[in-house]
Amino acid sequence: MTQKGVGARLPRKEDARFLRGQGEYVANLRFPGMLDVAFVRSPMAHARIRGIKKLPGVFTADDLKGVRPIRADSSLKGFKSSEQPILATGKVRQVGELVAMCVAPTRAEAEDLADQVELDLEELPAVVDMLAARTRPPALVHEHWGDNIFLESLVDDDLTEVKRSAAVCVKRTIRTARQHMSPLEGRGVVCEWNLRQGQLLVHTAAQMPHINRAGLAECLGLDQGSIRVIAPDVGGGFGYKGILLPEEVALAWLCRQLGKPVRWIEDRREQLSAGANCREHDYDITVYADRGGRLLGIDCEATVDSGAYSSYPFSACLEAAQVSSILPGPYKMERYRCRTWSVATNKAPILPYRGVARTGVCFALELMLDAVARELKMEPHELRLANLVQPGEMPFDNITKKHFDSGDYPEAVRRAARLIDVEKYRKRQKQQTDHRRVGVGFAIYCEQAAHGTSVYYGWGIPMVPGHEQCTARLTPDGVLELRIGAHSHGQGMETTMAQVANTVLGVDPGNVRLVHGDTGLTPYSTGTWGSRSMVMSGGAVASACDIIASRVKAIASKLLEVSSQDLILENELVKVRGTDRALSLTAAARRRRPGGAGGDGGLQSEGRHRHLQLCLPCSCGRGGYRDRWGRNPRLCDRRGRRHAREPDDRRGPDLRRRRAGRGHCALRRDAVRRAGPAARHHARRLPAAGRDRGARDAPRAPGDAFALHALRAEGHRRGRRDRAAGRDRERGQRRARAARRRDHRVAAHAAAHRRSDPGKEMKSQAFDYARPKDVPEAIKLLEQGGKAAAGTQSLGPMLNLRVVQPSLLVDLRFIPELKACSENGESIVLGACVTHAQIEDGKVPDPTGGFMREVASNIAYRAVRNRGTLGGSLVHADPAGDWPSALTLLGATALIAGTKGKRELPVERFLKGVFETDLGENELLVGVRIPKRSKAARFGYWKFCRKAGEFPQAIGGALTDPERKETRAVVGALQAAPKLFSALNPDLTGIGRDAYDRQLHRVALQRAVARVIS
Ligand SMILES: Cc1cc2nc3c(=O)[nH]c(=O)nc-3n(C[C@H](O)[C@H](O)[C@H](O)COP(=O)(O)OP(=O)(O)OC[C@H]3O[C@@H](n4cnc5c(N)ncnc54)[C@H](O)[C@@H]3O)c2cc1C
């Protein structure tokens, strides 16, 4: 922690103006000729509009020609759209709904005008109770729906067995009341028309300026660029300012209509009577447990009162989606079924109040746990301890696939019980003789933060929240300007973002200027909500500052004539480590161009933070969303079996699809991205690492660990932008085939010449190609500077990125010896060019009774397995590769041939480090010998992958052979070669990059061991 960086306690920068009353809120804005607006609102919950007596200065729905109603749809199947009119049309559906807009020079006059508007309303039966609305509706809120249900969803499971075997079954109905949030500053909007730019300027007290802009553009039929939304200082949000208001649309239209600035400032009466509410839930829950208090299953039917309309952009099923996906929380259970209804009533719509639905859900579940504890005569906290995920089980995907990456929940309960001294209270309760009641209550909740895109996609909400950007500029005068799209409405982000910059760049927080809350000046953002700003925008700020830091160091390293690795950034200085030599940040920023003192643009960068979020929650609704493998997670039970409703077209022979969700593949689901990607700038470092190098492998620079990610990602899930390059590569291969026929030089550059687009060239350096017929010939070609090529699955990306630039490629795949397999009583030998697919398909002997087949089948995807080879994997020595770990576990021996003859080496000695083996320059790996084990031998293997088909983050392997008294364990995917142990519970201290990484490896090993001893 730096003195002023993240975690330090600083006076908030923004407080200097807030405490002096110098904050600038929407209500403080004054523009020449500005008019005030007051609204005529519905006094009834449900009524037909028979007539409105208008006066000059009063506008009704008939006037708003071409303005579209607010529509917040969910893409979930079965969702019914509501259209929230800007001014009521036909009928009113809630108290406070806008009916007419009155404009006058002052608010008082506008209100007088509103008083004179006469409404002729025919009252209709109001839909007030959500259960009645669903089951026996007194009326329909939206007649054309035929019922009052926005969306019905089901997370299904079979509880028959649980019902039969449960010792306890507790059933309760729980209701929570509607809640309303009330920030100090209400909502308000001021619109002005900028003639010069032809742009509508909307100043509004909002949490999500860019989203408001999108909604306004949709309703007004304008392009987004013609609207600029500015959210100045905002006095509290809590979700209340996280939706698009009809008032905003109405004023935007009025401003364009009149060509004058207009404003509306919400008063407290409007806020309390007409503003959106939340959290009105009804739960019908049954919990099943065994005699020891272990939860067996939960069956829940939940109804959420969603009010009259779906709020933009979150939609009316937001809370119900939360209910079904977060109800199980950090508890373990066998079965879970949850049906939800988002119901329309004649009340204000719902919005994303902080911790959306969390309190109601938590209240319901924890009450149920108390009830189960009472039934079993257990201490409530003991019951919780019996069901919480244990630290050793982390990372943990709960039954709705919510991912818990770390934490010790039981310890939190134990500590609370200790501090409360539960025993003492029990005694006191027994002794209490007067009317007073003394109680102890326990409740746990785990809040989600910084939702990733997958969560919102799963809920059918058309937002991409897992992404934030920052533009940073270090100006020549030493001030750092940060532009972010998130918005601060009381969180003190001007200070916290400056602290992030201080931590990365050493710039004083006083010299950081945060620009936010203005779509005209900041990068696109989905705004501030869901505890996302510090993770997402903070991550983007760190990433942008990181880029500037590396540029500053590069400049300083030239000026100070030292390596940039010896430089540190501290207190506005770039210092040479261990000396008193330093350069100010300002000086570095000014020296951007030769002789550029003053007048220069400083240093600018763009950083971004992406958050994919691993949990693919079961979520609500049916159909619609499918994950990356085409599976619909909602239709799978917790073991990933397909639900009977899964349509037939998804039942193809695609093995991966069927397998996803089970065993290793269950672990291949997206993992929470723990740090920002910055993949692009890592990738940018790569060419530099390999530039100007000859035919030999480029030595790896420190920090290449980052580059490896890009390298591994090369040939895989390439973005659209890479297509041309991809075609280039294919061409290269075609050329290579042609060349094989002619048996001479492959002109990769010739391929480029043949192309119609001469501006683009192949990615790899030109190389010769040879196809030796046996091992001695291959070795000879290596002596001539050749580079061995097997499946080219790893070599291809290295060539593309020019990490290697061989002048000759020696294709080993046609050497019979390297594809041969042999077997004797003790061992088998597999040739180096045996492919993963051959092992997977059982086409070569497997001395491990299927273990090797299983390992092979979980490498990447079939296309990679078809070409990738056992030998290539081992020689490439990617620490995250499967064979380095698996062959180390199996006690395999590498068989090597070279100019000096043949030699053998145990795999654990063959692998020397990250991408490093004992293989000499002119040596080939010819094959691998794997010892046979007794019939009693058991093998276990487990790996955690961030995404299906990608290299794992952690590998664990275990082997026991009781007859031969042999026990081996391996931990792989380290920043080193795999580590071999001779016990199943080795000491893993010091393993992994940090505590999280260590835990991943620990769990991978435990799971591998569990397979051996189960
Ligand atoms: C998208 C993608 C995902 C992947 N995911 C995984 C995964 O999850 N797990 C995993 O284990 N692997 C994974 N891989 C890697 C894959 O297993 C490759 O097959 C393997 O890394 C290299 O094998 P190869 O035959 O393609 O070797 P090549 O790419 O041809 O060669 C790799 C290196 O080994 C050298 N070499 C090859 N054979 C010999 C030999 N006989 N003697 C001397 N040197 C030799 C080459 O010169 C080169 O330096 C993935 C690859 C891709 C493209």
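Worth saying up front: this structure is predicted, and the values here are computed from it rather than measured. Remember, it's 1-based here, ligands and their atoms both numbered in the order they're listed.
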Should T893 and F910 count as side-chain neighbours, where that means a heavy-atom distance under 4.5 Å?
no

Out of D882, V810, D811, L924, the nearest non-hydrogen contact to atom 11 (O) of ligand 1 is supplied by D882

Proximal ligand 1 atoms for G881, defined as those under 4.0 Å from one of its heavy atoms
10 (C), 11 (O)

Give yes if a backbone or side-chain nitrogen or oxygen of G871 is under 3.5 Å from a nitrogen or oxygen of ligand 1, and no if not.
no

Taking the side chain as every heavy atom from C-beta outward, state whether D882 and S873 have any pair of such atoms under 4.5 Å apart.
no

Atoms of ligand 1 close to I859 [distance to a heavy atom under 4.0 angstrom, numbered from 1]:
6 (C), 7 (C), 9 (N), 10 (C), 12 (N), 13 (C), 17 (O)

Should you measure from each heavy atom of L812, which atoms of ligand 1 turn up under 4.0 Å away?
38 (N), 39 (C), 40 (C), 41 (N)

Does an N or O from A788, backbone or side chain, lie closer than 3.5 Å to an N or O of ligand 1?
yes

Pick from A832, G872, G927, A897: the one approaching atom 27 (O) of ligand 1 most closely through a non-hydrogen atom:
G872

Using a 3.5 Å cut-off on N or O atoms only, is R867 in polar contact with ligand 1?
no

So for atom NZ, which belongs to K780, do other residues, nucleotides or ligands contribute more than 12 heavy atoms lying within a distance under 6.0 Å?
no

Using side-chain heavy atoms (C-beta onward) and a distance below 4.5 Å, is L795 in contact with L809?
yes

Run D405 and Y996 through side-chain hydrogen bond (donor to acceptor under 3.5 Å, both in side chains) and show every step you take.
CA-CA 8 Å; D405 65 355; Y996 174 79; 4.8 Å; no

Residues at least two apart in sequence or cross-chain that pass ring pair (Phe, Tyr, Trp, His ring centres under 6.0 Å) with F939, listed by chain then number, are F851

Could you say whether the N/O atoms of G796 and ligand 1 ever approach to under 3.5 Å?
no

All salt bridge (charged side-chain N to carboxylate O under 4.0 Å, His left out) counterparts of R909, not counting sequence neighbours
none

Under 3.5 Å: N/O of K787 near N/O of ligand 1
yes

Is there side-chain contact between L808 and Y769, with heavy atoms separated by less than 4.5 Å?
no

Does some non-hydrogen atom of R865 fall short of 4.0 Å from ligand 1?
no

Could you tell me whether R903 atom CZ has more than 12 heavy atoms of other residues or ligands within 6.0 Å of it?
yes

Can you tell whether the side chains of D841 and R862 come within less than 4.0 Å, N to carboxylate O?
yes

Counting heavy atoms only, name the option from V875, L799, I779 that's nearest to atom 36 (N) of ligand 1.
V875

Need the ligand 1 atom indices (1-based, order shown) with element for anything under 4.0 Å from a heavy-atom of L919.
43 (C)

Under 4.0 Å between heavy atoms, the region of D878 that gets near ligand 1 turns out to be neither

T869 versus ligand 1: do any nitrogen or oxygen atoms come within less than 3.5 Å of each other?
yes

Which option, G868, G791, S794, owns the non-hydrogen atom nearest atom 20 (C) of ligand 1?
S794

